[in-house]
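Here's the structure we're looking at; comments come further down.
Every chain is numbered from 1 and lettered A, B, ... according to where its sequence line falls, protein lines coming before strand lines.
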Protein chains: 4
Amino acid sequence: MPSEPAPNTEEPRRRRKEARPGELVAAALDVFVERGFAAARLDEIAARAGVSKGTLYLYFESKEALFKAVVQEAIVPRIAEGEAMVASLDMAPEPLLRELLLGWWEVVANSKLSGIPKLVIGEAANFPDVAQFYFDNVVQRGRALLVSVIERGIAEGAFRPGDPLVLCQLALAPMLFASMWSRSLACCDPQGMSPDVYLRTHLEVFLGGLRAEPGRIPLPAA
Amino acid sequence: MPSEPAPNTEEPRRRRKEARPGELVAAALDVFVERGFAAARLDEIAARAGVSKGTLYLYFESKEALFKAVVQEAIVPRIAEGEAMVASLDMAPEPLLRELLLGWWEVVANSKLSGIPKLVIGEAANFPDVAQFYFDNVVQRGRALLVSVIERGIAEGAFRPGDPLVLCQLALAPMLFASMWSRSLACCDPQGMSPDVYLRTHLEVFLGGLRAEPGRIPLPAA
Amino acid sequence: MPSEPAPNTEEPRRRRKEARPGELVAAALDVFVERGFAAARLDEIAARAGVSKGTLYLYFESKEALFKAVVQEAIVPRIAEGEAMVASLDMAPEPLLRELLLGWWEVVANSKLSGIPKLVIGEAANFPDVAQFYFDNVVQRGRALLVSVIERGIAEGAFRPGDPLVLCQLALAPMLFASMWSRSLACCDPQGMSPDVYLRTHLEVFLGGLRAEPGRIPLPAA
Amino acid sequence: MPSEPAPNTEEPRRRRKEARPGELVAAALDVFVERGFAAARLDEIAARAGVSKGTLYLYFESKEALFKAVVQEAIVPRIAEGEAMVASLDMAPEPLLRELLLGWWEVVANSKLSGIPKLVIGEAANFPDVAQFYFDNVVQRGRALLVSVIERGIAEGAFRPGDPLVLCQLALAPMLFASMWSRSLACCDPQGMSPDVYLRTHLEVFLGGLRAEPGRIPLPAA
DNA sequence: AATGAATGAGTATTCATTCAT
DNA sequence: CATGAATGAATACTCATTCAT
């Protein structure tokens, strides 16, 4: 009769306990991104995290809560990094904007994270709480970031005058769209398209069209 | 006690029979767009069309077949109109491209149809057959249309040289994205954004960045 | 406006009208035998008969009624033939019994008809009316036939004394079983078995065991 | 108002868990035998086992899997017993064959088990997987048992020469047929028939016809 | 803290039967 | 007579959530 439990070949208990929520969130991110919100099965998330389904409910009170945690853990910090970048970098608006978009592309577009916008947009109508949470915590803060840079660019005369929010959306749309595409219809396309060419063309065309140049009229306004 | 049966307030049988598939497809379009493919309940489609669930199976052998019929009836003809437009209009590339994008926006973006791309992109991973069908019948044909115009623009020196497929995607992405947005997160946004300003800004910026002008370098290529 | 209907290239109306029920019953026999009673779809029966589903209900008030008609048309006359045979043939009991069993084998076992016993036995519990109908119209009459021959054989000292009904059942069981087997598990058996050897062995063994011979004791009795 | 929770009248969780599959299989056997495979409702099986429908799927992944488990648990062990019997008993072929058939009759014919052959034969055409499984696991092994005894009997000169597989089938057919009959048309027969007389007559007639005796010719062969 | 057995509401699909034309 | 459109009840299977251990 051993007075001590069999030597644990896995992580020590204490570490696991603290690490649990993070492991669960990581597994959840995987499954949510692969299947979407509605189609993700808690069973599969639990299995991938190596725990039982019941354990999920120890840490998260529902599927929605789990998803919110995924957003909180995986996406919100990326936004914060962008905010820090803007605060610390002392660059002219166009290079800064370019830098931000490139940074987003590198961090998000090529990782699992890029699956989240697709999921949220695709299922927002069926899960309004999820949508609202994402909007408040990700969209609003992300927009504020870009809008501030664009507003400065307009104020400084680097960009054509226009609606900054509209321009923010137009800067992001092709990138978000590409990330959604790559996780949906891209696999139906036998030839494909170079993501690199796509991104550089977008930046070149978008910034080329946004730049204030002699003879250019202001962009539309409300 | 009427000696004659109550006057039939319903459509005569013969007419209904021919009208049925169309009514079903219309109801299905509504529900698919509101709920997505997986979450759309056949019950609801039937109820909205005023028939029983069994009747759906008289005309469509499965949910997927019904969805394919929706795409076939509602989307494919719009593509055909675009093809006809390109064939008949004798315009310079830039105005033609502008016209096509505007036409798409008017016909699609403001109708239920704009819900279909969101649905397909959001659920392609879970329903590969649906995705392939949409890709083959809508994406490919739509792309061919725009790509031909863009190629001509490049050849004639109106547009900067670049990858036509990439440019096609970049022309459409902000529009498709906006239509997806309006059916998902837009309702979380208290202030909103003028679709009109959005579209005109996109055209102005995109075409402004695409236009060949002295001193401009070619766009990236593979 | 033709005063006469377009020349019918098919069967003339009058003949078809009378032939209808027979065609329906024939199609029904096929489908019932292939699928069983519950799994037979009226759709398929109608399609095979080249009529609409509704037409079936013009002639038969339900699936059960249709099945009863099948039994009536296809099986009952076969029994009558056996009865006629016994009445007309003036043979000793053993050759007569042999003749009857051989006749049954030839007429029934190798035709679709042999599917009916399997169906009735397999689904009697779920469709008691069908079972009762079959029992009254087929089993009882068939038994009476064989029992009379067996009783005569016993009375004349050709067969060992025993329960005639039991002997009747034992004479038929291997044949009915074989016909059920050939429509069910036979296809799982890669090697198979010669039906001819099977039948001849049965007759040889059964009649060999039934025959009264010196030193043999009577068979069991109730 | 009891200060303590009501004494748990149900089984403790741990015990139930291990007992569950067995209880489910037992309930399934009942319902499959009463209704057949297609007509058996999972609802009813679950209700009879005192669990919810979902619980069935915790243990068996489909109706087919449940049925295979029934065969595995309820029938296969019976075959094994027969195999053990042949291996252990040192008897002459005829008594051994008689013993095996009697044993089968006692164990199977009078229990629910006898409903399984009826079910399999009745629905094999509609459920080929089920049929194949039954054939491989029950029919083949059962045949091997009897065939070996029959072959030995022929070799030792106790039985007339003939096709052992055919003789095996002929030995079993009346017994299997009787078990199917008792669960189908027997209830339509007001007078009935003594199973005991039936069985003893079969053994007497069959073995009487099979026994090698002076002056008997060999049985048919392929 | 962790488990995993149990639940039961929810949904696509099938098919005998009806009835207006 | 004949049609075939319409019905709606029936059923296997799924999965988020609960809770006794």
Side-chain angles (χ1 to χ4, degrees), chain A residues 13-14 16-17 20 38-47 50-64 66, chain B residues 5 8 10-18 20-21 38-46 49-66, chain C residues 13-14 16-17 20 38-47 50-64 66, chain D residues 5 8 10-18 20 38-46 50-66:
Chain A
R13 275 250 162 164
R14 218 149 326 139
R16 293 217 67 168
K17 192 161 112 185
R20 265 297 144 75
R41 283 177 297 110
L42 258 5
D43 263 340
E44 192 177 355
I45 294 173
V51 303
S52 74
K53 213 175 4 171
T55 301
L56 287 175
Y57 283 85
L58 244 33
Y59 295 93
F60 308 99
E61 67 173 358
S62 69
K63 200 184 190 185
E64 273 198 31
L66 177 55
Chain B
N8 198 340
E10 301 189 1
E11 299 282 328
R13 278 252 165 159
R14 202 100 27 94
R15 266 215 63 211
R16 298 218 71 162
K17 186 219 156 161
E18 281 153 21
R20 265 297 139 76
R41 284 178 295 109
L42 259 358
D43 266 341
E44 191 177 353
I45 294 174
V51 302
S52 75
K53 213 170 7 166
T55 300
L56 286 176
Y57 284 85
L58 244 33
Y59 295 93
F60 307 99
E61 64 176 1
S62 68
K63 199 183 188 185
E64 265 197 41
L66 177 54
Chain C
R13 275 250 164 166
R14 217 145 331 135
R16 293 218 66 169
K17 191 161 113 184
R20 265 296 144 77
R41 283 177 297 110
L42 258 5
D43 264 339
E44 191 177 353
I45 294 173
V51 305
S52 74
K53 212 171 12 166
T55 301
L56 287 176
Y57 282 84
L58 245 34
Y59 294 92
F60 308 99
E61 66 174 359
S62 69
K63 200 186 190 184
E64 273 198 30
L66 176 54
Chain D
N8 199 337
E10 301 189 1
E11 298 282 328
R13 278 247 165 162
R14 202 98 28 91
R15 265 215 65 212
R16 296 219 73 160
K17 186 219 157 165
E18 282 154 19
R20 265 297 137 75
R41 282 176 297 109
L42 259 359
D43 266 343
E44 190 178 353
I45 294 173
V51 303
S52 75
K53 214 175 1 171
T55 300
L56 285 176
Y57 285 85
L58 244 33
Y59 295 92
F60 306 99
E61 65 177 359
S62 69
K63 199 183 188 184
E64 264 197 44
L66 177 54

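- Between the C1' atom of dC15(E) and the CG atom of L56(B) lies a distance of 15 Å, rounded to the nearest Å.
- Base pairing analysis places dA20(E) opposite dT3(F); the two distances defining the Watson-Crick or G-U wobble pair are each below 3.5 Å.
- With rounding to the nearest 0.5 angstrom, the OG1 atom of T55(C) is 11.5 Å from the CZ atom of F60(C).
- Of the inter-residue distances, the one linking K53(B) atom NZ with D43(B) atom CG reads 4.0 Å to the nearest 0.5 angstrom.
- Residue-environment remark: CD (E61(B)) stays at or below the threshold of 12 foreign heavy atoms within 6.0 Å.
- Within the 3.5 Å criterion, the main-chain N or O of A38(B) finds a donor-acceptor partner in the side chain of K63(B).
- Contact record, Y57(A) with S62(A): CE2-CA, 4.2 Å, taken as the closest heavy-atom pair.
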Original post:
Reading nucleotides 10-16 of chain F 5' to 3', which nucleotides get B (base under 4.0 Å from a protein heavy atom), which S (sugar-phosphate only), which -?
Top reply: BSSBBSB
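- Between Y59(C) and dA2(F) there is a side-chain polar atom (N or O) within less than 4.0 angstrom of OP1 or OP2.
- Distance, F60(B) CZ to dA5(F) P: 13 Å, rounded to whole Å.
- Contact record, L66(A) with I45(A): CD2-CD1, 4.0 Å, taken as the closest heavy-atom pair.
- Shown here, dA1(E) forms no base pair; nothing in the strands shown gives a Watson-Crick or G-U wobble contact with both key distances under 3.5 Å.
- Going from atom CG of L58(A) over to atom C1' of dT21(F) covers 14 Å, rounded to whole Å.
- What separates CZ of R20(B) from P of dG4(F) is a distance of 17 Å, to the nearest Å.
- Look at CD on E44(C): it is 14 Å from C1' on dT14(E), rounded to the nearest Å.
- Rounded to whole Å, the distance from CD1 on I45(A) to P on dT17(F) is 11 Å.
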